[in-house]
Every structure is written in C-alpha cells, then in structure tokens.
Amino acid sequence: MKWWNKKQWLSENRFVLGTFLQFYDTAGVEILSEAGFDFVIIDLEHGTYSAETLKTLIITAHLREIVPVVRVKHNTGQLIMEPLDAGALGVQIPFICTATDVAHAVASAKYHPHGNRGMNPYVRATGYNAETFQTYIRWSNENSIVILQVEG
C-alpha cells in the first residue's frame, strides 16, 4: 500500500493524528479521513461491532487511506488475529500488566519467526491469494502496529 507510511513516520518522530471511533456508520471513517486524521481506532473493547461491521469499517479506512487500528477486548490470540486477518493494520491490546502479557500480545500479532499468529492465505488481508502469502507475512511482520495498553 503506497499510502501506508504512518509507522515509518512514528520512527521518524513525525506527528500523526488519530482518534477512536465509537459509532457504526462508515461515514465516521470518511469524516475522519476528510478531516486529515492519519489513523482511526475502532473500539471493540467497549463497542459491540459485528464481524461484518468491523470488516466494512476496515475496508472503508483502506479506501479512504486512513490507517485502521482495532482495539480488541482481551489479550487473546484469536481476538488479536481476527481484525488483522480482516485487514486492520494494527491492534491495540488492553489489560497489559506483565512482561508475559507483552510477549503474548506481540506473538499473537506477528507471524513466525517473530510470533505465532495463525496462518491462512485466504483472508482479506492477503487479498485471498496464497501466491502472495509469503510476501504478506514479511510485510505484516515489518509493518503492522501493536499498541500495548498498560494498565492494572
């Protein structure tokens, strides 16, 4: 994705602007994009988005060139993997209290050799294409964002 350079901006200490999305209409993502936001955090921890709504919001974010990050409900592999497979470019993981929590969260978001994220080449994030899966794995490990919400 040509426009996905916001993670690089972070390493360069450049300013990025984002906010939480608390409603279910794609217009929210479109409005944030038009307002110049770089990323949006779709809040599954406190929101009740369905899988279909989440996927639609992520697709809209991609189309509007705003980075979709999903705050998951808990630090579990399945809950971390699902939004990434749907095309989220990052996850925010709550309830991080220990070094073990950190290791588990990062391992759940990254593929081998950096983690243990489950593999399926036929998901939205890969373009449903097994032929490009190895390229996607490398890209995802290098570019996906894992935000750890330290609390407790």
*Quick one: CZ on F37 to CD1 on I66, what's the gap to the nearest 0.5 Å?*
7.5 Å
*Heavy atoms from other residues, nucleotides or ligands near CD of E151 exceed 12 (cutoff 6.0 Å)*: yes
*Looking at residues at least two apart in the chain, or sitting in another chain, which of them share a side chain to side chain donor-acceptor pair (under 3.5 Å) with E52?*
none
*With sequence neighbours left out, write down each residue that passes side chain to side chain contact (heavy atoms under 4.5 Å, CB included) with I137, or none if nothing qualifies.*
Y111, M119, F133, Q134, N141
*Side-chain heavy-atom pair D38, V67 within 4.5 angstrom cut-off*: no
*asked:* Counting C-beta onward and ignoring hydrogens, is there a side-chain heavy-atom pair between S144 and K110 closer than 4.5 Å?
replied: yes
Taking distance alone, no hydrogens or angles, what donor-acceptor pairs closer than 3.5 Å link side-chain atoms of residues 15-23 to residues at least two apart or in another chain?
| unit_1 | atom_1 | unit_2 | atom_2 | d |
| --- | --- | --- | --- | --- |
| Q22 | NE2 | D43 | OD2 | 2.9 |

_Nearest atoms (heavy-atom pairs only) where G77 meets S108_ = CA-OG, 3.5 Å
*Closest approach of T126 and P121, non-hydrogen atoms and distance?*
OG1-O, 2.5 Å
*Identify the two heavy atoms, one from K73 and one from E45, that lie closest to each other, and give their separation to 0.1 Å.*
NZ-O, 3.7 Å
*Taking only residues two or more places apart in sequence, or in another chain, which ones meet T76 in a side chain to side chain contact (heavy atoms under 4.5 Å, CB included)?*
H74, L79
_Test item: side-chain donor near acceptor, T135 and T132, under 3.5 Å_ = no
*A103: what forms a side chain to side chain contact (heavy atoms under 4.5 Å, CB included) with it, not counting sequence neighbours?*
none
*Between CD1 of I41 and CG of L32, what distance do you get to the nearest 0.5 Å?*
11.0 Å
_Donor on one side chain, acceptor on other, T48 and Y24, under 3.5 Å_ = yes
Without placing hydrogens or testing angles, list every side-chain donor-acceptor pair under 3.5 Å for residues 84-99, not counting sequence neighbours.
| unit_1 | atom_1 | unit_2 | atom_2 | d |
| --- | --- | --- | --- | --- |
| D85 | OD1 | R117 | NH2 | 2.9 |
| Q92 | NE2 | Q149 | OE1 | 2.6 |
| T98 | OG1 | T100 | N | 3.3 |
| T98 | OG1 | D101 | N | 3.1 |
| T98 | OG1 | D101 | OD1 | 3.4 |
| T98 | OG1 | D101 | OD2 | 3.4 |

